[in-house]
Asks: 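I'd like to ask some things about the structure below.
So you know, we letter chains A, B, ... as the sequences are listed, proteins then strands, and number each from 1. Keep in mind the model is a prediction, meaning the values are calculated, not measured.
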Amino acid sequence: MNLQEKLIILADSAKYDASCSSSGSTRNIKSKGLGNTFFSGICHSFAADGRCISLLKILMTNCCIFDCKYCLNRRSNNIKRAIFTPEEICQITINFYRRNYIEGLFLSSGIVQNPDYTMNLLIETISLLRNKYHFNGYIHAKAIPGASLYLVKKLGYLVDRMSANIELPTDKGLKLLAPNKDSKKVTNIMHYVKENRSAKFVSSGQSTQMIIGASQESDYDIMSKSSNLYQNYKLKRVFYSAYIPVNHDKNLPLIKTPPLVRENRLYQADWLLRYYHFKVEDILSSDNPNFNLLIDPKADWALRHLDEFPKDINHCSYEELLKVPGIGLKGAKRIISSRQYFTVTFKDLQKMGIVLKRAKYFITCNGQYLMTKDLWNADFITKNLVLEEQKHTTDTKKEQLALFL
Amino acid sequence: MKKSNYIYIYPNDFTSLITLLGELAKSKILPLNIQDKNYIPGLFDKVIELDLSPLNTPAIISHIDKNILNTLFYLYLSNHEYKELIMYYFFLYSLKFKDKVFFHRDINIVDKALKIVKYVQNENHKLKGFTRFKELKRHILYAEITCENNIIFLLSNHFKKRLKNEFWIIKDVKRNILSIYDKKDFYLVDANNCNLKEIILSEEEQEIEDLWKSFYKTIGIKERQNDRCRLNFMPKKYWKYILEVSDEI
């Protein structure tokens with residue numbers, strides 16, 4: 001098997017991991033060696049699925065002793081298997097990085113022999129890359145659940161980001177679909193990384209991933225889990241990956257297309273949790289456990305709390321501005337800093353990057369409302385917001401939405 | 001402020017332009033336009049070139065707040081037809097509002113200026129990712145780029161840090177400028193003055209490019225194909241020099 005065939009097999013097996021960010025780290029170039037990192041991250045290319053490519057995302061090997069039902073690389077699947085040597089990974093990474101194809105390496109692996117053995121393979125490779133090739137770019141490595149903590153420590157000093165995937169939000173789901181996995185082993189690693197994080201140890205933090213739509217969990221279960229992870233383990237990101245049917249199993253749902261709209265809603269809600277001062281209970285509850293696929297979670301919340309609107313742009317607080325659909329973080333900051341110097345009008349809002357098409361239903365400027373008063377009802381606003389969103393959705397998403405309309 | 005019917009001409013560099021802006025502000029002139037030396041006047045244009053040599057450029061520049069000077073520099077690099085005039089008005093407002101000028105989106109010209117700056121910065125950031133080097137004989141890295149704004153200086157600063165221990169050359173094809181880095185610093189030169197005809201690729205170059213192309217094809221998930229999203233992030237105008245998509249054009 002030549003290098004190209006190997007690369008194709010091991011990139012193909014790695015592609016389902018959603019994380020590809022290269023941000024949060026500031027490594028400066030050393031006198032000897034190659035590369036640095038850029039705090040806000042850099043996207044080098046975009047794949048045909050529209051996702052950013054910033055890291056060389058590959059598996060060390062796609063051989064695996066586990067038999068997770070949703071995974072392409074499960075033991076019982078009859079697929080081509082390959083393994084890279086550490087030297088091969090270094091060669092590809094260096095050659096790609098010098099030509100500015102990539103921002104760094106994302107190395108993960110199927111589990112061979114046992115977690116410690118696999119972890120050692122990753123450490124050997126990355127240490128070769130850092131110490132022999134003096135590679136100083138971004139490295140994101142997967143921690144293998146169940147590996148000894150001294151190995152997690154060793155790996156942590158070599159990489160910018162580490163992640164261990166939680167995969168499914170509840171133990172019930174794990175038992176059903178990933179019988180060899182144990183969420184305790186994942187959280188052990190997260191706890192260790194959280195306790196020891198520093199500028200030299202996993203400097204850009206840790207992340208994780210959940211698969212969406214392979215098991216029965218509701219959005220409420222998923223968001224509660226995320227919120228819990230952010231609070232208890234100080235995660236930088238939780239990624240959501242719409243389940244893509246690669247295997248057949250009686251425990252897997254029968255779907256043809258991945259639930260992309262749902263995935264999108266989860267990301268939107270995730271941002272609300274992290275930056276917009278929302279709590280899970282604000283947007284979902286056990287009575288209302290799933291997102292409205294037709295409308296984004298913030299607008300959905302606003303429509304359920306219409307009595308708190310409209311807000312006056314020139315008087316309400318920063319926190320209140322953040323809760324208005326169509327106003328983002330930057331927009332809210334701009335409004336706050338500008339209104340010290342002049343009275344903001346609708347025209348100014350447009351210049352500040354506020355999406356008036358959405359915000360206009362929920363705001364007033366100096367007591368003035370853009371719509372007529374008799375249109376102030378949830379039905380009318382919902383219809384218009386849904387129509388507005390439809391214009392911006394892609395055809396595949398439209399197909400999925402059509403099922404609900 | 002008095003309106004002038006003259007088009008003011010400046011030597012083609014940033015510091016001269018700033019000196020001229022300082023001088024115009026001091027004499028309270030609102031010029032019809034400001035243009036660089038390559039400007040070809042129309043039949044009825046009245047042009048004037050001030051003698052800037054007696055003016056103390058470092059003193060003028062040191063009086064300008066760092067953030068404002070930075071903004072002026074980004075404007076200077078933009079491809080906007082009236083960038084000099086926008087710079088001048090932005091400069092005037094910065095004299096009035098000091099560093100608070102950045103909050104004054106209610107003033108059209110300030111809003112316009114800040115949007116242009118954003119555009120230049122965004123393009124620079126995009127090219128940090130989209131630039132593709134090829135390895136030539138003797139381990140020299142060579143990249144061709146195409147960009148709307150004149151960002152090769154900004155881009156070179158980025159690669160000077162990242163590829164510190166490599167020899168590299170970046171060519172802005174549209175403006176015919178080369179940036180040449182010798183492991184110490186980079187130099188911007190007119191490509192006409194350089195003989196780069198004999199570009200010979202290193203032996204393994206083709207192999208690495210093929211590896212990258214097959215990686216690119218593999219990493220996209222078929223079930224999630226989304227051309228519109230890809231085009232949004234990676235507009236077609238850059239594709240010619242992005243090797244993994246250049247054959248899709």
Asks: If only side-chain N and O atoms count, and only distance matters, is there a donor-acceptor pair under 3.5 Å linking Asn226(B) with Arg230(B)?
Replies: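 Not at all, the side chains of Arg230(B) and Asn226(B) share no donor-acceptor pair under 3.5 Å.
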
Asks: Which bit of Tyr101(A) is near chain B, if near means a heavy-atom gap under 4.5 Å: side chain, backbone, both or neither?
Replies: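 For Tyr101(A), the contact with chain B is made by backbone and side chain together.
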
Asks: Could you check which of Asn136(A), Ile9(A), Asp12(A) has the highest count of heavy-atom pairs closer than 4.5 Å to chain B?
Replies: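 Option with the greatest count: Asp12(A).
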
Asks: Identify the residues of residues 158-171 of chain B whose heavy atoms come closer than 4.5 Å to a heavy atom of chain A, ordered by number, or report 'none'.
Replies: His158(B), Phe159(B), Lys161(B), Arg162(B), Leu163(B), Lys164(B), Asn165(B), Glu166(B)

Asks: Check whether the side chains of Glu135(B) and Ser202(B) place a donor and an acceptor atom closer than 3.5 Å, and report yes or no.
Replies: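 Yes, because at least one side-chain N or O of Glu135(B) sits under 3.5 Å from a partner of the opposite role on Ser202(B).
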
Asks: What residue in Leu211(B), Val245(B), Ile221(B), Asp227(B) has the most heavy-atom pairs under 4.5 Å with chain A?
Replies: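 Among the listed options, the one with the most contacts to chain A is Ile221(B).
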
Asks: Is it true that, when you exclude Tyr318(A) itself, more than 12 heavy atoms of the residues, nucleotides or ligands shown sit nearer than 6.0 Å to its OH?
Replies: yes

Asks: Which atoms of Lys256(A) are under 4.5 Å from chain B, going by heavy atoms: the side chain, the backbone, both sets, or neither?
Replies: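 Contact with chain B involves no heavy atom of Lys256(A) at all.
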
Asks: Ile53(A) versus chain B, heavy atoms under 4.5 Å apart: side chain, backbone, both or neither?
Replies: side chain

Asks: Heavy atoms only, distances under 4.5 angstrom: which of Ile58(A), Ile102(A), Leu56(A), Asn28(A) has the most pairs with chain B? Name it, please.
Replies: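 Most pairs with chain B among the choices: Leu56(A).
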
Asks: Which bit of Leu231(B) comes within less than 4.5 Å of chain A, counting heavy atoms only: side chain, backbone, both or neither?
Replies: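 Looking at Leu231(B), nothing touches chain A.
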
Asks: How about Leu254(A): does its CG atom have over 12 heavy atoms from other parts shown lying under 6.0 Å from it?
Replies: no

Asks: Quick check on Ile8(A) against chain B: is it the side chain, the backbone, both or neither that has a heavy atom closer than 4.5 Å?
Replies: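 Both backbone and side chain of Ile8(A) come within 4.5 Å of chain B.
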
Asks: Evaluate whether atom OH of Tyr82(B) has more than 12 neighbouring non-hydrogen atoms of other residues, nucleotides or ligands under 6.0 angstrom away.
Replies: no

Asks: Surrounding NZ of Lys184(B) (heavy atoms of other residues, nucleotides or ligands, distance under 6.0 Å), is the total greater than 12?
Replies: no

Asks: Inspect the surroundings of CZ in Phe39(A) and state if more than 12 heavy atoms from other residues, nucleotides or ligands are less than 6.0 Å away.
Replies: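 12 or below, so no.
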
Asks: Is Leu3(A) close to chain B through its backbone or its side chain, or both, or neither, when contacts mean heavy atoms under 4.5 Å?
Replies: both

Asks: So for Thr37(A), is it side chain, backbone, both, or neither that comes closer than 4.5 Å to the heavy atoms of chain B?
Replies: backbone

Asks: When the ring planes of Tyr93(B) and Phe97(B) are compared, do they come out parallel, tilted or perpendicular, using 30° and 60° as the limits?
Replies: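 Judged by the thresholds at 30° and 60°, the geometry between Tyr93(B) and Phe97(B) is parallel.
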
Asks: After noting the C-alpha distance and the side-chain angles of Arg228(B) and Asn232(B), does the key distance pass the side chain to side chain donor-acceptor pair (under 3.5 Å) rule?
Replies: CA-CA 6 Å; Arg228(B) 206 168 92 176; Asn232(B) 263 343; over 6 Å; no

Asks: Should we count NZ of Lys240(B) as having more than 12 external heavy atoms under 6.0 Å?
Replies: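 12 or below, so no.
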
Asks: Side chains of residues 64-78 of chain B: which donor-acceptor pairs under 3.5 Å do they make with residues two or more places apart or in other chains?
Replies:
unit_1, atom_1, unit_2, atom_2, d
Asp65(B), OD2, Asn67(B), N, 3.0
Asp65(B), OD2, Ile68(B), N, 3.4
Thr71(B), OG1, Asn67(B), O, 2.7
Ser78(B), OG, Leu75(B), O, 3.1
Ser78(B), OG, His80(B), N, 3.2

Asks: Less than 4.5 Å to any heavy atom of chain B: does that hold for the side chain of Arg98(A), its backbone, both, or neither?
Replies: both

Asks: Please classify the contact of Asp210(B) with chain A as side chain, backbone, both or neither, using a heavy-atom distance under 4.5 Å.
Replies: both

Asks: If I measure from the heavy atoms of chain B, does Glu5(A) come under 4.5 Å with its side chain, its backbone, both, or neither?
Replies: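 Nothing of Glu5(A), per the 4.5 Å heavy-atom cut-off to chain B.
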
Asks: Could you check which of Gly129(B), Ser214(B), Ala143(B) has the highest count of heavy-atom pairs closer than 4.5 Å to chain A?
Replies: Gly129(B)

Asks: Report which part of Glu205(B) has an atom under 4.5 Å of a heavy atom belonging to chain A: side chain, backbone, both, or neither.
Replies: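 Backbone plus side chain of Glu205(B), per the 4.5 Å heavy-atom cut-off to chain A.
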
Asks: Could you tell me whether Asp49(A) and Arg51(A) make a salt bridge, using a distance below 4.0 angstrom between a side-chain N and a carboxylate O?
Replies: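 Salt bridge: yes.
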
Asks: Quick one: which residues of residues 100-116 of chain B reach chain A at under 4.5 angstrom, heavy atoms only?
Replies: Lys100(B), Phe103(B), His104(B), Arg105(B), Asp106(B), Asn108(B), Asp111(B), Lys115(B)

Asks: What part of Asp348(A) gets closer than 4.5 Å to chain B, counting heavy atoms only: side chain, backbone, both or neither?
Replies: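 Looking at Asp348(A), just its side chain touches chain B.
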
Asks: Please report whether the ring centroid of Tyr243(A) lies less than 6.0 Å from that of Tyr70(A).
Replies: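 For Tyr70(A) and Tyr243(A), the ring centres are not under 6.0 Å apart.
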
Asks: Answer yes when Arg132(B) and Glu244(B) have at least one side-chain N-carboxylate O distance shorter than 4.0 Å, and no when they do not.
Replies: yes

Asks: Under 4.5 Å heavy-atom distance to chain B, tell me which part of Leu10(A) shows up: side chain, backbone, both or neither.
Replies: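 Contact with chain B is absent: no heavy atom of Leu10(A) under 4.5 Å.
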
Asks: Taking the six-membered ring where the residue is Trp, are the ring centres of Phe130(B) and Tyr241(B) under 6.0 Å apart?
Replies: no

Asks: In terms of heavy-atom pairs under 4.5 Å, which option from Glu263(A), Gln340(A), Arg339(A) contacts chain B the most?
Replies: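 Of Glu263(A), Gln340(A), Arg339(A), Glu263(A) has the most heavy-atom pairs under 4.5 Å with chain B.
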
Asks: Compile the donor-acceptor pairs under 3.5 Å between side chains in residues 145-153 of chain B and protein atoms, sequence neighbours left out, one pair per line.
Replies:
unit_1, atom_1, unit_2, atom_2, d
Asn149(B), OD1, Asn79(B), N, 2.9
Asn149(B), ND2, Glu123(B), OE1, 3.0

Asks: For Ile42(A), is it the side chain, the backbone, both, or neither that has a heavy atom closer than 4.5 Å to a heavy atom of chain B?
Replies: both

Asks: Glu248(B) versus chain A, heavy atoms under 4.5 Å apart: side chain, backbone, both or neither?
Replies: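 Contact with chain A involves no heavy atom of Glu248(B) at all.
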
Asks: Would you mind checking if Glu389(A) and Arg265(A) are paired as a salt bridge, meaning a charged N to carboxylate O distance below 4.0 Å?
Replies: yes

Asks: Side chains of His140(A) and Leu107(A), heavy atoms from C-beta outward: is any pair under 4.5 Å?
Replies: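 In short, these two side chains do not touch, never coming nearer than 4.5 Å.
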
Asks: What part of Leu141(B) gets within 4.5 angstrom of chain A, counting heavy atoms only: side chain, backbone, both, or neither?
Replies: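 The side chain, not the backbone.
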
Asks: Ring centres of His44(A) and Tyr216(B) under 6.0 Å apart?
Replies: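 Ring centroids of His44(A) and Tyr216(B) are no less than 6.0 Å from each other.
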
Asks: Please lay out, stage by stage, how Asp17(A) and Lys57(A) fare under the test salt bridge (charged side-chain N to carboxylate O under 4.0 Å, His left out).
Replies: CA-CA 9 Å; Asp17(A) 204 296; Lys57(A) 194 191 294 179; 5.7 Å; no

